[in-house]
Amino acid sequence: EQIRALGISPERIKYVALTHTHADHIGGIPHFKRIWPHIKVIGSSIADKILQKKELFHEYILADTAIAQLMKAKDEIDDLPPALVDYHFGLDSSVKDGDKIDLGKGIVWNVYETPGHSPCHISLFEESEGNLAVGDATGFYVPEKDAFWPNYFVSLEDYLNSIRKLATLPAKRAVLSHNCVIYANV
């Protein structure tokens, strides 16, 4: 419903890029793929290895169920989504630092490995419009305080190096995983 509300036909979507494999970012992928099996899921090669671990499915199922129950309690959804028989997270393709995802018509997303928040984190930059998909590489943004809450689970050094790498890009807007899009002062 959110995709359609934006005026986008889901049938035109070719890819979903996972910035990283934390449960709050991938729990919906099996449901998404059930509805739109033509969409290809892209992530880092480290994400691909993580998603192959069957023992992690229990964590994802718990998070997915908890999020759905919370949404139902808030009346954001009418019913819980149907239980999936085949709960699959595998990537259709993996990318690495320096790769490009060419969508045609001059739209090319450049891939940047940005570990620190998670070992598999990637960020993507589309130069023609200046869009930077940050994911959680820079932490959790709190709009009310106009501040980032540092959120590095793997390595502070990697986290800071990733932020430095992203800071060199001529982004006009940063698309965050949580809360908002931040526009550069121009």
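All figures in this text were calculated on a predicted structure; none of them were measured in a lab. Any value given below was found using the heavy atoms of this structure, including those in side chains, with hydrogens, waters and symmetry copies removed.
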Taking [X] for its side chain and [Y] for its backbone only, find out whether a donor-acceptor pair lies under 3.5 Å.
X      : Y      : answer
His38  : Ile13  : yes
Arg173 : Glu129 : yes
Thr65  : Leu62  : no

Contact summary for [X] and [Y], nearest pair of heavy atoms:
X      : Y      : answer
Asn179 : Pro143 : ND2-CD, 3.7 Å
Ile50  : Pro119 : CD1-CG, 4.3 Å
Ile77  : Ala68  : CD1-O, 3.6 Å
Ser128 : Ile107 : OG-CD1, 3.9 Å
Ala137 : Ser123 : CB-OG, 3.8 Å
Lys100 : Val108 : CB-CG1, 3.7 Å

Going by heavy atoms in the side chains, are [X] and [Y] under 4.5 Å from each other?
X      : Y      : value
Ile101 : Ile42  : yes
Leu124 : Leu132 : no
Ser44  : Ser94  : no
Tyr159 : Thr114 : no
Trp149 : Thr138 : no
Val154 : Tyr152 : no
Met71  : Ile67  : yes

Point-to-point distance, once rounded to the nearest 0.5 Å, from [atom1] of [X] to [atom2] of [Y]:
X      : Y      : atom1 : atom2 : answer
Leu169 : Glu127 : CG    : CD    : 8.5 Å
Asn131 : Trp109 : CG    : CH2   : 4.5 Å
Leu18  : Ile29  : CG    : CD1   : 5.0 Å
Ile122 : Ser162 : CD1   : OG    : 12.0 Å
Ser177 : Asn151 : OG    : CG    : 10.5 Å
Lys53  : Thr21  : NZ    : OG1   : 9.5 Å

Kindly indicate, with the supporting measurements, whether the criterion side chain to side chain contact (heavy atoms under 4.5 Å, CB included) is fulfilled by Phe32 and Ile3.
CA-CA 12 Å; Phe32 203 77; Ile3 292 169; 3.7 Å; yes

Step by step, would you call Val41 with Lys33 a side chain to side chain contact (heavy atoms under 4.5 Å, CB included)?
CA-CA 9 Å; Val41 180; Lys33 290 288 280 186; 3.9 Å; yes

Full working for side chain to side chain contact (heavy atoms under 4.5 Å, CB included) between His22 and His117:
CA-CA 10 Å; His22 288 166; His117 176 74; 3.2 Å; yes

Residue pair Leu51, Ile26: steps toward the side chain to side chain contact (heavy atoms under 4.5 Å, CB included) verdict:
CA-CA 10 Å; Leu51 294 175; Ile26 68 162; 3.5 Å; yes

Indicate whether any N or O donor in one side chain lies under 3.5 Å from an N or O acceptor in the other, for [X] and [Y].
X      : Y      : result
Glu11  : Ser9   : yes
His25  : Asp136 : yes
Tyr141 : Asp146 : yes

Got more than 12 heavy atoms from elsewhere within 6.0 Å of CG, Asp102?
yes

Inspect the surroundings of CD in Gln52 and state if more than 12 heavy atoms from other residues, nucleotides or ligands are less than 6.0 Å away.
yes

Going by the angle between their ring planes, with limits at 30° and 60°, are His121 and His20 parallel, tilted or perpendicular?
parallel

Classify the ring geometry of Phe140 against His178: parallel below 30°, tilted from 30° to 60°, perpendicular beyond 60°.
tilted

Treating Ile, Leu, Val, Met, Phe, Trp and Tyr as nodes and any side-chain heavy-atom pair under 4.5 angstrom as an edge, say whether [X] and [Y] lie in one connected cluster.
X      : Y      : value
Leu166 : Phe125 : yes
Leu6   : Val181 : no
Ile39  : Ile35  : yes

Partners meeting side chain to side chain donor-acceptor pair (under 3.5 Å) with Gln69 (sequence neighbours left out):
none

Between Lys165 and Asp158, does any NZ, NE, NH1 or NH2 come within less than 4.0 Å of an OD or OE carboxylate oxygen?
no

